[in-house]
Every structure is written in structure tokens, then in C-alpha cells.
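One-based numbering along the sequence shown.
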Amino acid sequence: LTMLSFMADYELWGLNGFGYHLQNLFWHLAAVAGVYAFFRTVGLHNLTSFICALFFAVHPQRAESVVWISERKDVICAAFYFWALVFFLLSQKKEKAKLFYAFSILFTILALISKAMAVSLPLVILFTQIYITKKPDSKCLKKIAPFFAIALFFVPIAILFQDIPQSHISILKRMFVVLINVPWYLLKTFLPFNLSPIYPRIIMTPAQAALTILFYIFSASCLFFYLRKSKGFFFFAKIAFPLCFLFSLAPVSGFVPLGAIDYADRYSYIPSVFIISFAGVFIDKFFAEGRGKEKTILLSFLSIYIAVLSGITFFYSETWRSYRAVLESAVLHDPPAYMALGALADMEFFSGGRNRVPELCRRIRERERGWESEGGVKKILMKADFLELILYREMGKKAEAQKKARQLKETLDSALFPDKKEFLLYKHQDENIKSVDFVKQENDNLKYPNDEVVVDSSKNPIDIKNLDNCDIKPKNI
């Protein structure tokens, strides 16, 4: 569905970016309208619903999904997601029940073909209905069953087409990523500071570990308190919105590998609504029971708070004006992502801004190590070594260049040839012949002529002890 929307943009606007941004904004406004309708449907008063929907609409974390054209799938999915939820809740009333139910089914399918994250919708529908009725309803469960069937049908399709990257992080660490991400998304919803378009992998410091433990102790205490005050099924109704937050966050919580990141602002687009819903229940209660002066103070505070968030969002949106701006913003984050540092170093190097390259390479080496894979760290360090090697050579610093070349060669040798007497690097030419192209490196300078040594590896393993004194490197590394 997202690709079809891009096709429509191209037909209407060609490569004029204005039209693409306009459609992103349209879908965001449609999602905001759905969020407002959701707040009203679950019982929040008009003023509370408006404040909560406005808070959602102008939040700085929305910038990535709305301003970045490529993330249109977030806003399309969310628009259909919340309208599907609203139409299902409306279908539980007698008036136009069948029509609303049909719209709910249709919008669920459209949400799923926009983004696989919508698989959480059936569980969200279930617990939202429990929040409203405060009791289980067998008829309602029968109506929700088709939504589970649709979601299960789309799961294998999503796995097949998502191209989920292979993770080098252990399952235990991925479980810790989930435990860390839950409070991270909660905190960023209400205190959106230190944002970045590209976040680094998690760096587990003692302070972060302590705060995470305290968060779960506090959460467990709140659950115990609610459990004592609530009887039977009513307990689940009280925690329905927190559960909806967890369900909607689950596909992007970090347990399933998400490439080179553990979390991102765009992943909060749908889950944040349920955090806001939970807060909205308390705000609504305060507006209903509070005194006039107290309500005025709260309303003034919320107005200023939303205005500040709007200003942050306005300036933060400039981050996506270009790829360079994205990288420049990402390297300002503390700590910066390896990916951002390496990409910006490449960009500076090839665009002629060589003066910044040594500083970026230094930051790559000095950055505190997170939960990146060993291979990923080696690659980024090799990138830094290679860029510095070229710079030294261009500046005529032959000794430094040769030293850096030797370091780089040792890294390559240890990575490619763990056993120095054997190697298993093949270029398959056909079923019977396997060969590897090498380039001979001259010992006295850093020129790399096109002299090729083709090694027939059909007699495997190959003893390369006679090549120990030769400076060689793989040609196509």
C-alpha cells in the first residue's frame, strides 16, 4: 500500500518533494483524527481527548515518521490502525453495527498491508473492549476471532518479505534489550530530550542498570497495589492501556533483530497512544473532580508543555532536510552511533572535507563500546584505519601510512585467515574450480599494481607457509 501511494505521488508530482510531504502530512492528520476518535470512544471527555490528541500530533518523536518521506508506512498504518479500532468499538453498539464491523475488518487489512506492526491490533481490540465493558463478553470474543485469523495470516508474509537481519546478539541480551526499551519509550513520551535520527546500540552502564531495576520494582509495586484494590476481571480493565502499549510495542521491542539499531523514534508512533490514553484517564478524572483553580493551573501547564513540544518538533524536523543533516544530528547524540560516525566520515572524505575525517575516526575509536556485534565493530574500525591510511598517503606521511597499512593488513589477516597456514576463501567459477584473486603489495611503497596471483584451491587445504613473507591482500575485499 505504501508503494502504491508513492506511485500515485510520482504520477501527480514527478520528483517534486512537496507533493510527497503533503501526502505524509495528510496521513498523519488522518491518524490524529483516528486517535482523537479513539479517546472519545473509550470515554474521555472532549477537552481531555483534544489535549491528548494534540500532544500526540505535535510530539517531537512524530517528526521522523511524518517528515521522513520513506517512513510513510508509519502514518498510513497508524491511520488505518486506529480507525479500525474505533469502528470495532462502535460496532458493539446496535446502531449501524454491521457497517462499522465491515469497515473495521477492511481497515485492519489495510493497516497490515501498510506495515506488519499492525499484527498487535487484535489484542489491542480485545483489551480496549475489556476496558470499556469491565467484563469478558463471549459474543465480543467471537467477533474478534476473525481479526486474529487475519493477523496470523499476515505474520508469515511479513517474515518472508521483511528481510529480518540475522542477529549476532545473544537471546539473553535481546531479552535485556526489551526490558530496557520499555522504560526508554515511556520516558521519551513525556521527556523527549537527546533525540537522534540514528540511535546507537544499547550501552549498559551501572546507572542505566540501576534505573531499569528501579523502574520494574516500581511497576511491580503498582501492579500489586491495583491487584489488592481490584477484584477479579476488573484488574485487567485497569491495566488495559499499559497492556495495549506492550502489545503494540512487541513487534519492535528489540527481541526480533532490527538491523543496526535497538530502538527508534518512529517505532513509538502507535504504542505512544496507549501511554497517552493511560495518562488521559487521570487527567480526565482530575478535570471532573478538581476545583476550578486547580483545573486552570493544570490546563495552563498542559498548554505550555504542548507549546514547548511544538517548538522542539519544528526545529527538530529540520534534521531530515538532507542525508548530511541526518548524520550531523546523529553524531551530536551522546553517545553517537557507529553507523552515523562512519557514514559521515565517508561523506566528508568523498566530498573533499578531509579536515573533519581524523576527528571522526578518533571518535569512532574512543566511543564507549555497546552491544554491537564483534564483526560490526571490526568493520567500523577498519573503515577508520582505511580512511586515515589514504589521508596519510595524500599528505606524504609515508611512515605513518606504512604503519597504518600494516595495522590494517593484520586486521584483515586475522579476520580472513584465522589459521595462517590455511584459508577457505573461494570465488566459485564453476563446480570444479575454485580460485582466489590476490594483489601483490610492493614492500617499498603503497602502490597496488594489478598483478594477479590466481591460487588454485582445488587441492584443499592449501599450505601457504611459502607465502608468509609476501605482502598480499585479497583483491576484492
Stepwise side-chain contact (heavy atoms from CB on, under 4.5 Å) check, Thr128 with Cys244: CA-CA 8 Å; Thr128 304; Cys244 289; 3.9 Å; yes
Does the gap between the ring centers of Phe247 and Phe127 come in under 6.0 Å? yes
Atom pairs and distances, side-chain donor-acceptor, residues 143-150, under 3.5 Å, sequence neighbours left out:
none

Might you point out which heavy atoms bring Phe107 and Phe80 nearest each other, and give the distance in Å? O-CB, 3.4 Å
Minimal heavy-atom distance between Asn181 and Asp262, with the atoms involved, is ND2-O, 2.9 Å
For Ala84, does its backbone N or O pair with a side-chain atom of Ser104 as donor and acceptor, under 3.5 Å? yes
Any carboxylate oxygen within less than 4.0 angstrom of a Lys/Arg side-chain nitrogen, looking at Asp265 and Lys188? no
Shortest non-hydrogen contact between Val119 and Ala151, atoms and distance: O-CB, 4.0 Å
Between Ser248 and Tyr81, is the side chain to side chain donor-acceptor pair (under 3.5 Å) condition met? List the steps. CA-CA 11 Å; Ser248 58; Tyr81 189 102; 5.2 Å; no
Rounded to the nearest 0.5 Å, what's the gap from CD1 on Ile113 to CE on Met3? Could you check? 13.5 Å
Strictly under 6.0 Å, is that where the ring centroids of Phe287 and His45 end up? no
Counting only N and O atoms by type, is there a donor-acceptor contact under 3.5 Å from the side chain of Ser219 to the main-chain atoms of Phe215? yes
Tyr305-Phe55 aromatic ring centre distance below 6.0 Å: yes
On the 0 to 90° scale, with breaks at 30° and 60°, tag the Tyr316-Trp320 ring pair as parallel, tilted or perpendicular. perpendicular
Ser196 to Ala330 - nearest heavy-atom pair and separation: OG-CA, 3.6 Å
Where the side chain of Arg321 meets the backbone of Glu318, is there a donor-acceptor pair that is under 3.5 Å apart? yes
Does Asn194 have more than 12 heavy atoms from other residues, nucleotides or ligands lying within 6.0 Å of its CG? yes
Does Glu64 pair with Arg62 as a salt bridge, N-O distance under 4.0 Å? no
Return the orientation label for the Phe241 and Tyr131 ring planes: parallel under 30°, perpendicular over 60°, tilted otherwise. tilted
Run the ring-centre check on Tyr199 versus Trp184 and record whether the distance is less than 6.0 Å. yes
Where does the angle between the aromatic ring planes of Phe38 and Phe82 fall among parallel (under 30°), tilted (30 to 60°) and perpendicular (over 60°)? tilted
Which donor-acceptor pairs under 3.5 Å do the side chains of residues 24-33 make with protein atoms, sequence neighbours left out?
from: Asn24; atom 1: OD1; to: Arg72; atom 2: NE; distance (Å): 2.6
from: Asn24; atom 1: OD1; to: Arg72; atom 2: NH2; distance (Å): 3.3
from: Asn24; atom 1: ND2; to: Val66; atom 2: O; distance (Å): 3.0
from: Asn24; atom 1: ND2; to: Trp68; atom 2: O; distance (Å): 3.4
from: Trp27; atom 1: NE1; to: Gln23; atom 2: OE1; distance (Å): 3.1
from: His28; atom 1: ND1; to: Tyr269; atom 2: OH; distance (Å): 2.6
from: His28; atom 1: NE2; to: Ala57; atom 2: O; distance (Å): 3.1

Salt bridge check, Arg324 against Glu348: does any charged N sit closer than 4.0 Å to a carboxylate O? yes
Would you call Arg365 and Glu388 a salt bridge, using N to O less than 4.0 angstrom? yes
Identify the heavy atoms of Phe274 and Val124 that sit nearest to each other, and give their distance. CZ-CG1, 3.5 Å
